[in-house]
Peer 1: 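Got a structure for you, questions after.
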Amino acid sequence: MSELETIAAISTPLGEGGIGIVRLSGPDAFAIVSSIFDCPKSGNASYPQPRRLYYGLIRDLDKNIVDEVLVSFMPAPYTYTREDIVEINCHSGIFTLRTILKLVLEAGARLTEPGEFTKRAFIHGRIDLSQAEAVLNMIRARSEEAVKAAARTLQGELAQKIEQIRTRIIEIRAPIEASIDYPEEFEGKGDRPNSLAGALKELHTTIKKLLQGVERNRAYQEGVTVAIIGRPNVGKSSLLNALLRQQRAIVHEAPGTTRDLLEGYLNLGGYPIRLIDTAGIQNTTDPVEKQGIERSRMAAAQAKMLIMVLDGSSKWTDLDQEIADLRQATQGLVVAVNKKDLQQQLSPEIINNLFPNEEIVCTAAIREEGVQQLEEAVTRQLDLFLCSAAENTMLFSLRHEEVLCETLKSLENAQSTIKTQPVELISLELQNAWNKLGEITGDTVSETLLDKIFSEFCLGK
Ligand SMILES: Nc1nc2c(ncn2[C@@H]2O[C@H](COP(=O)(O)OP(=O)(O)O)[C@@H](O)[C@H]2O)c(=O)[nH]1
Ligand SMILES: [Mg+2]
């Protein structure tokens, strides 16, 4: 522990505020701060007592006062990094914070790398890698659900779950290894392949469920893109405005009013939603509109989910069909039959026939009718598409997804090997799966991967 340098950073956002914090961690933290901290209590025999706030002044080398501060000294090991930590609570002005940071750097501290405080907590075994990442997720969370999931990961729930699976892998592997080492003992015990196949299948299902949870959690964390599509003048922009409860988009009776993508944000059932209003898709010669339509197609292709708007007061057209065909199998869909206040041409039977498996909601966007039903339908679809049945795993990142995919691949290799190949290969694949999963908790992670993960953090965390 002691070979690590003492690091320092501004741990609060840079900007005007009541309090800003400069934080130091490492063996020289106390000495460095003491050299610039003029504290009336410093003559006391018990100074500094752990985890007390000391009032005093920060002075520069010429003994000029820089700020009036409160300082806390927290000795290892009961700290965030498990090293000695000192926090200087000063006034949060950019100049004050930077001056104090500069003073502690001149007194011997080194500026942290991004995430280095958290990295040290990991290196010293206070938290595992999944918990370290949860710290980052907590900082970045944009919805209540994301905060909850991060908080649970921070408590070590994910690590426990992963360790359970790894233990199971070892249990499955042990008899295989034994049969390799002592083949004569296992001679004639023909039932092994069956029980092994069962155990591998069970593992496979468990990992699969975790994987489904990743996507849903990422939706909670990063949000979901929902695109409103339909031909011109069906009321797409009016629906966007109604859903956002503000006059975001220009609504006009002239077709082709919306020429560019417009977006707004809302929260549905805990999902942060990025809602995109697109230009009505039609055949046009207008070059600007053409570009807008191209963008609409792209936005529709990239969205997780589509709201297809129909005009209930007019007949189903080829264009409607063309737009409906844009939907990919992986995308959720809700059909909004708008203008229900007008004489209807699209009967429920026709629509049900056209969209036998979809949620269909009738709306009158200009009267804000059916909007709540539409919201509920979108939320239901999101739950469905993001596998609400999936295990609530607290796994978030692309990294987790990659790890789980590779684990799954190893298990599949092992499964396909059972009947044909020597047991050594099954054992090897199980070993691979075990190693891979260890990357989630950081048990089997490489230095490069660690650097990559922590580089996403801010300096002061
Ligand atoms: N009667 C009626 N008119 C609507 C409704 N929704 C939109 N409109 C009108 O339809 C026209 C086109 O609406 P807009 O939202 O711009 O459609 P977009 O081209 O699909 O974005 C405007 O004149 C709206 O006032 C509705 O629910 N009922
Ligand atoms: Mg529009």
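Start at 1 and go down the list; that is how both ligands and their atoms are numbered. A quick note: this is a predicted structure, and the numbers were derived from the prediction, not measured.
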Peer 1: Compare Lys236, His252, Lys339 and give the one whose heavy atom is closest to atom 8 (N) of ligand 1.
Peer 2: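 Shortest heavy-atom distance from atom 8 (N) of ligand 1: Lys339.
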Peer 1: Counting only heavy atoms not in Leu342, do more than 12 sit closer than 6.0 Å to its CG atom?
Peer 2: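 Check passes, neighbour count above 12.
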Peer 1: Scan for ring pair (Phe, Tyr, Trp, His ring centres under 6.0 Å) pairs involving residues 274-329, sequence neighbours excluded, and state none if there are none.
Peer 2: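 Applying ring pair (Phe, Tyr, Trp, His ring centres under 6.0 Å) to every pair that reaches into residues 274-329, excluding sequence neighbours, yields Trp316-Phe355.
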Peer 1: Which pair of non-hydrogen atoms, one from Ala159 and one from Asp128, has the smallest distance, and what is that distance?
Peer 2: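 That closest heavy-atom pairing would be CB-OD2, 3.0 Å.
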Peer 1: Report the part of Asp341 in contact with ligand 1, treating N, CA, C, O as backbone and CB onward as side chain, heavy atoms under 4.0 Å; options are side chain, backbone, both, neither.
Peer 2: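 Contact part for Asp341 vs ligand 1: side chain (C-beta onward).
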Peer 1: I need the nearest protein heavy-atom contact for atom 19 (O) of ligand 1: residue, atom name and distance, please.
Peer 2: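 Nearest protein contact, heavy atoms only, for atom 19 (O) of ligand 1 is Asn233 N, 2.8 Å.
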Peer 1: Mark yes when over 12 heavy atoms from residues, nucleotides or ligands other than Arg399 sit less than 6.0 Å from its CZ; otherwise mark no.
Peer 2: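 For Arg399, atom CZ is crowded (more than 12 foreign heavy atoms under 6.0 Å).
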Peer 1: Can you sort out which atoms of ligand 1 are near Ser237, meaning under 4.0 Å from one of its heavy atoms?
Peer 2: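 The list of qualifying atoms is 15 (O), 18 (P), 21 (O).
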Peer 1: Please examine the side chains of Ile440 and Leu129, heavy atoms only from C-beta on, and report whether any two atoms are closer than 4.5 Å.
Peer 2: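 No. Closest side-chain heavy atoms not under 4.5 Å.
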Peer 1: Do Thr153 and Asn137 come within less than 4.5 Å of each other through their side chains, counting heavy atoms only?
Peer 2: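 Counting from C-beta outward, Thr153 and Asn137 never come under 4.5 Å.
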Peer 1: Which of the atoms in ligand 1, numbered in the order shown and given with their element, are less than 4.0 Å from a heavy-atom of Ala364?
Peer 2: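 Near Ala364, the atoms of ligand 1 are 27 (O).
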Peer 1: When you compare the side chains of Asn435 and Thr444, does any donor N or O come within less than 3.5 Å of an acceptor on the partner?
Peer 2: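 Short answer, no.
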Peer 1: Select the closest option to atom 2 (C) of ligand 1 among Leu262, Ile229, Ile366, judged by heavy-atom distance.
Peer 2: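 Of the listed residues, Ile366 has the closest heavy atom.
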Peer 1: Taking CD in Glu171 as the centre, count heavy atoms belonging to other residues, nucleotides or ligands within less than 6.0 Å. Is the count above 12?
Peer 2: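 Yes, the 6.0 Å shell around CD holds more than 12 heavy atoms from other groups.
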Peer 1: Name the closest protein heavy atom to atom 17 (O) of ligand 1, giving the residue it belongs to and the distance to 0.1 Å.
Peer 2: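 Ranked first by proximity to atom 17 (O) of ligand 1 is Gly235 N, 3.1 Å.
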Peer 1: Judging by distance only, is a nitrogen or oxygen of Thr363 under 3.5 angstrom from one on ligand 1?
Peer 2: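 Checking ligand 1 against Thr363, no N or O pair falls under 3.5 Å apart.
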Peer 1: Please write down residue, atom name and distance for the protein heavy atom closest to atom 15 (O) of ligand 1.
Peer 2: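 Going atom by atom, the protein heavy atom closest to atom 15 (O) of ligand 1 ends up being Ser238 OG, 2.5 Å.
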Peer 1: Answer yes when Glu263 and Arg295 have at least one side-chain N-carboxylate O distance shorter than 4.0 Å, and no when they do not.
Peer 2: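 Salt bridge between Glu263 and Arg295, a charged N being under 4.0 Å from a carboxylate O: no.
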Peer 1: Considering heavy atoms of the protein only, find what lies nearest to atom 6 (N) of ligand 1 and give residue, atom and distance to 0.1 Å.
Peer 2: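 Result for atom 6 (N) of ligand 1: Asn338 ND2, 3.1 Å.
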Peer 1: Looking just at side-chain N and O atoms, do Arg231 and Ser314 make a donor-acceptor pair shorter than 3.5 Å?
Peer 2: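 Yes - a donor-acceptor pair under 3.5 Å links their side chains.
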Peer 1: Report yes if some N/O of Ala365 lies less than 3.5 Å from some N/O of ligand 1; otherwise report no.
Peer 2: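 Yes.
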Peer 1: Answer yes if the side chains of Asn413 and Ser410 hold a donor-acceptor pair under 3.5 Å, and no otherwise.
Peer 2: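 No, no side-chain donor-acceptor contact under 3.5 Å.
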Peer 1: Closer than 2.8 Å to the Mg ion (ligand 2), what protein N/O/S atoms do you find?
Peer 2: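 Within the sphere that stays under 2.8 Å of the Mg ion (ligand 2), the protein atoms of type N, O or S are Ser237 OG, Thr258 OG1.
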Peer 1: I would like to know whether Lys102 and Glu106 meet salt bridge (charged side-chain N to carboxylate O under 4.0 Å, His left out); could you show each step before the answer?
Peer 2: CA-CA 6 Å; Lys102 192 163 158 267; Glu106 281 167 3; 3.6 Å; yes
Peer 1: May I ask you to identify the nearest protein heavy atom to atom 24 (C) of ligand 1, giving residue, atom name and distance to one decimal place in Å?
Peer 2: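 Ranking protein heavy atoms by distance from atom 24 (C) of ligand 1, first comes Val251 CG1, 3.5 Å.
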Peer 1: Would you check whether Leu342 has a nitrogen or oxygen atom less than 3.5 angstrom from a nitrogen or oxygen atom of ligand 1?
Peer 2: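 So ligand 1 has no N or O lying under 3.5 Å from an N or O of Leu342.
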